[in-house]
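Take a look at the structure set out below.
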Amino acid sequence: MRGARARWAVALRIARRSALASWGRSLLIVTLIAVPIIGLSAGAVVLPSLQSTLEERIQGNLGHAQAKLTVVDNTGRAIQQGREGGYSFDESKPDGKDLPTVDPRTVLPAGTRTIAVTTGAATFATPKGETSLVTVTGETWDPSLDGGPYELLSGRRPTADDEVLLSPAALSRLGADVGGTVEMLQPTARTLRVVGTSRDRSLPTSTQSVFGAESLLPVAESVPDTFYVPTARIGWPVIEKLNAEAGTTVLSRTAVVQPSAYAQRYDGFGSSFWDVNFGTSLVVAMALAFAVLEVALLAGSAFLVGARLQQRSLATVASVGADRSVLRRIVTANGVVLGGVGGVAGVGLGIVGAVVFMRVTDDGAWTRYPGLHLWWPLLIGIAVFGVVVGWIAALVPARAASRFDIVRALRGARTPQKVGKRPVVGVVLLIAGIVLTLLGGVALVAAQKLIGPSGTLPQIGAAALLCGGPVLAQLGVLLCSGLMLRGVSSLLRRAPLAARLAARDTSRNLGRAVPAVASVMTTVFIAAFVMCIANSASIMGAVTYYWTLAKPGSAVSYISSDDPTSTTADRWSTVLRHDLPVDRMQVIGQTLQGTDDPTPSNRHRDALAVVRVKDSICPEPSFTASDTRCGPYSATGGTSYSSQYPLVVGDESALALLLGHAPSTQAVTTLRDGGVVALRTGLVHGSRVQLDWFTPKQLANGVESATPVRSKAIPAVVDLPTHAVQDALFTTTSTARSLHLTVRPDRVLLDFTKPPTDAELDTANTAIAALANDPSLGRTVYIETGPQDYGGQIAWLILLACLVIAICAGATAIALARVDARADDMTLASLGASPRVRKSVASVQALIICGVGAVIGTALGLLPAVAVGIAAHSLPFAPPPLQLTLMAVGIPVVIAAGSWMMVGTRRGDLTRRTAIA
């Protein structure tokens with residue numbers, strides 16, 4: 001044991017001195033190891049920091065209070081809760097439908113002080129109009145809640161009913177100052193004095209809120225939904241009583257640390273704070289597995305090149321009597337030293353990067369980043385992982401270090417590499433990786449059908465296939481990379497001199513080329529995979545988004561009137577055109593629709609329904625984003641009729657605003673001929689739409705088997721809007737009246753010359769409220785923003801990060817290869833090659849190596865995304881083409897340009913033996 005320790009001590013000392021002597025090369029190798037370690041350690045800080053600890057949850061929800069009561073069902077329906085408030089309704093008890101409203105304060109022990117908090121809304125005057133703000137009534141400024149759910153930022157606590165606190169965002173929105181006043185317009189007109197600023201710590205700092213006493217708003221008939229208990233301790237007997245009698249859950253400082261058979265029994269019910277998502281966990285696990293592979297390949301490629309550069313030093317050691325085991329130990333010790341430095345440096349920089357990232361992306365809510373969670377065992381493990389990877393990566397070079405020609409190495413010559421070998425093993429691994437990945441997707445689908453959504457052993461096995469398959473595929477590609485590089489060399493046989501030299505040198509010196517290919521390929525692979533998943537999730541969100549209007553940026557204002565007429569619509573339009581930067585404006589009408597509502601206005605009006613094409617009904621269980629029958633407004637469940645929306649009525653210009661594009665010639669002709677335009681598929685049967693009318697009684701009992709009161713088939717054509725909207729059929733006023741349908745103005749559609757400002761919207765809302773003689777209307781102009789394209793944003797951020805990481809890793813590997821090829825460069829110079837030729841050779845080599853790595857990495861990154869799409873029906877395979885193309889092309893070009901600039905114009909010292917050996 002002592003002898004082994006001494007031998008390792010000698011090897012580590014030689015490795016340390018060798019690293020310091022060749023500090024430039026060592027720095028490059030450390031950088032290759034540190035770059036992915038930075039990403040891993042940053043993720044190991046950010047992801048745990050997103051999850052709150054029990055102490056943070058108690059502090060964030062309670063502050064210094066003892067308990068928080070949340071009314072789930074104020075009819076008193078019985079529920080069952082877990083330790084932290086996750087609940088389920090008690091199906092063995094009455095459903096609460098006919099039970100009286102229960103105030104949870106009546107269930108608490110007598111004399112228990114509570115703070116009731118109610119969230120609502122009110123309309124306030126702004127400098128140029130009015131706006132609706134969130135109101136929070138109750139003593140949120142109580143010292144027991146400060147620093148917990150609420151925080152007093154400045155000023156003092158209110159002491160009178162007409163004193164309020166504003167959030168900083170609301171203070172700015174209302175143009176007010178602390179010590180000044182604000183005007184509340186609805187639900188009651190009051191002048192309120194601002195005595196300070198406060199905020200709800202669970203919401204972003206951009207939230208506009210008003211905090212006042214319970215008397216700020218009219219007394220509501222319902223029970224407040226939240227209560228805080230500042231001082232009294234609430235134990236499990238009281239909690240069980242609140243669950244059973246008041247339909248209220250409790251988060252109690254006392255109960256969460258108190259063992260309870262009741263809590264253990266119901267802790268499985270939906271956690272209030274953390275819900276495990278198997279799909280997200282699968283994607284994260286795959287990304288981590290691929291990141292580990294990236295670290296191993298980057299480190300291995302670095303040491304392969306480094307070992308080649310150490311051959312002469314190792315030959316010197318061997319010449320004085322060192323055997324092969326000593327040489328292997330020296331090389332592996334070098335891996336341990338440089339891996340340790342890279343691991344420690346990577347973890348340190350990763351922590352700093354994570355802190356900066358969290359500061360930049362923090363929105364002010366305590367739930368965003370509950371705290372900085374440095375899980376030291378994991379971070380130390382990542383640093384140790386760097387050491388282990390360094391050691392493992394050095395094993396192959398260490399084996400080669402004991403098998404080289406010592407005399408040739410002492411002369412500075414290199415052992416010729418064998419070329420032309422068929423990579424049978426690489427092809428087998430590549431095919432196996434592809435098959436296992438796709439098999440993993442299919443297996444996961446089968447496992448989910450058999451045993452539910454998550455957490456079972458078969459699903460874990462399928463996930464292992466999804467993670468392991470791409471790893472095998474990448475290893476297979478690396479073994480085949482020599483064949484690919486030789487293929488590129490063959491394609492460039494007739495290229496200019498510099499390109500031919502670069503291609504031949506690359507294909508015949510795989511020891512320096514393959515590590516660089518691996519460096520770029522693994523980084524691009526992970527980026528391509530994450531881009532595809534993010535973009536697919538974004539597209540899925542867009543598919544299920546409920547569009548109010550077909551065109552983003554357009555707006556709608558619904559005409560609020562008991563009996564709207566054309567005069568009302570004209571006045572409405574005049575106000576909007578006066579106050580807003582309107583480009584186009586059209587009034588849309590709709591037909592009055594009977595319902596099963598027994599009010600006099602509806603009692604004698606028949607309901608209109610539209611017969612659907614049977615095959616147009618969305619097959620809900622097999623819903624996919626690419627299925628045109630499915631969408632947020634599609635029919636499901638086998639119904640034969642469309643949703644009973646009324647017909648929308650207008651002219652051709654109105655139809656253009658509704659569609660988001662100019663209507664087709666066929667649609668215009670159909671409207672003029674007395675037909676209708678279907679705004680969705682599945683309603684037109686043989687160029688006609690069948691309309692059926694039913695009585696309110698039939699409607700109440702279900703119309704699937706009822707006989708219509710009357711029916712009519714009219715000409716129809718399909719003209720789909722840019723995005724699916726709620727409306728189904730569009731026709732003209734004359735056609736609607738010919739069908740004996742009553743039409744009334746319903747809304748005003750607007751298109752703007754420029755986005756309206758908040759001040760313009762406030763002015764318009766105020767004018768509309770005055771026109772309608774209803775100050776409580778609040779916001780009346782709704783602007784369609786469309787779904788958030790977070791997938792595209794994430795793809796651009798990933799592209800930027802990938803460019804940085806890939807350029808660092810690829811440039812480092814290329815730099816190591818250039819050091820290894822220094823003798824070749826000097827040979828070119830000795831033969832009279834101009835600096836331009838040498839620069840061209842270096843840049844074309846970088847372009848070939850990084851181009852092959854980037855293209856292969858992008859292609860392989862699509863493989864697991866396809867498999868995940870197979871496993872998740874609702875997640876379409878939708879790679880972002882622009883970002884992927886820029887990544888596959890941009891990274892090689894940038895690194896090639898850097899290689900051009902880094903090659904010097906000096907010819908170097910031609911008398912060195914290593915340059916002419």
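Because the structure is a prediction, the values reported are computed rather than measured. Nothing fancy with the numbering, it's 1 onward along the sequence.
With hydrogens and angles ignored, the 3.5 Å screen pairs a side-chain donor or acceptor of Arg193 with a backbone N or O of Gly179. Proximity of a side-chain donor or acceptor of Glu151 to a complementary backbone N or O of Arg201 within less than 3.5 Å is not detected. Proximity of a side-chain donor or acceptor of Glu183 to a complementary backbone N or O of Leu192 within less than 3.5 Å is not detected. No donor-acceptor distance shorter than 3.5 angstrom exists from the side chain of Arg368 to the backbone of Asp362, with no hydrogens or angles considered. Panel note: side chain Ser252, backbone Thr254; a donor-acceptor pair is recorded below 3.5 Å. When atom types are taken as modelled, the side chain of Thr112 and the backbone of Pro109 share a donor-acceptor pair closer than 3.5 angstrom. For Ser49 (side chain) and Val45 (main-chain N/O), a donor-acceptor pair under 3.5 Å exists by modelled atom type. Thr207 places no side-chain N or O within 3.5 Å of a backbone atom of Leu203 that could act as its donor or acceptor partner.
For the atom pair CG of Leu69 and CG of Leu108, the computed distance is 5.5 Å after rounding to the nearest 0.5 Å. Within the model, atoms CG of Leu216 and CD of Glu214 stand 11.0 Å from one another, a figure rounded to the nearest 0.5 Å.
Heavy-atom minimum distance, Pro721 versus Val725: CG-CG2, 4.2 Å.
Atom CZ of Phe752 has more than 12 neighbouring heavy atoms from other residues, nucleotides or ligands inside a 6.0 Å radius.
Counted by atom type alone, Thr181 and Thr191 present zero donor-acceptor pairs between their side chains at under 3.5 Å.
Between Ser557 and Tyr782 the shortest side-chain heavy-atom distance does not fall below 4.5 Å.
A salt bridge links Lys551 with Asp751; the closest basic N to acidic carboxylate O contact falls under 4.0 Å. Salt-bridge formation is detected for the pair Arg747/Asp727: a Lys NZ or Arg NE/NH1/NH2 atom is positioned less than 4.0 Å from an Asp or Glu carboxylate oxygen. Glu163 and Arg157 are not joined by a salt bridge, as no carboxylate oxygen comes within less than 4.0 angstrom of a charged side-chain nitrogen.
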Donor-acceptor contacts, no H, no angles, side chain residues 135-142, under 3.5 Å, sequence neighbours left out:
from   : atom 1 : to     : atom 2 : distance (Å)
Thr135 : OG1    : Gly120 : O      : 3.4
Thr135 : OG1    : Ala121 : N      : 3.2
Thr137 : OG1    : Thr118 : O      : 3.3
Asp142 : OD1    : Arg113 : NH2    : 2.6
Asp142 : OD2    : Ser144 : N      : 2.9
Asp142 : OD2    : Ser144 : OG     : 2.6

Practice item. Take Leu166 and Leu174 through the test side chain to side chain contact (heavy atoms under 4.5 Å, CB included) and record every step on the way to the result. Key: CA-CA 10 Å; Leu166 299 183; Leu174 300 180; 4.2 Å; yes
Check your understanding: Checking side chain to side chain contact (heavy atoms under 4.5 Å, CB included) for the pair Asp161/Arg190: CA distance, chi angles, key distance, verdict?
Key -> CA-CA 11 Å; Asp161 290 346; Arg190 298 181 62 181; 4.2 Å; yes
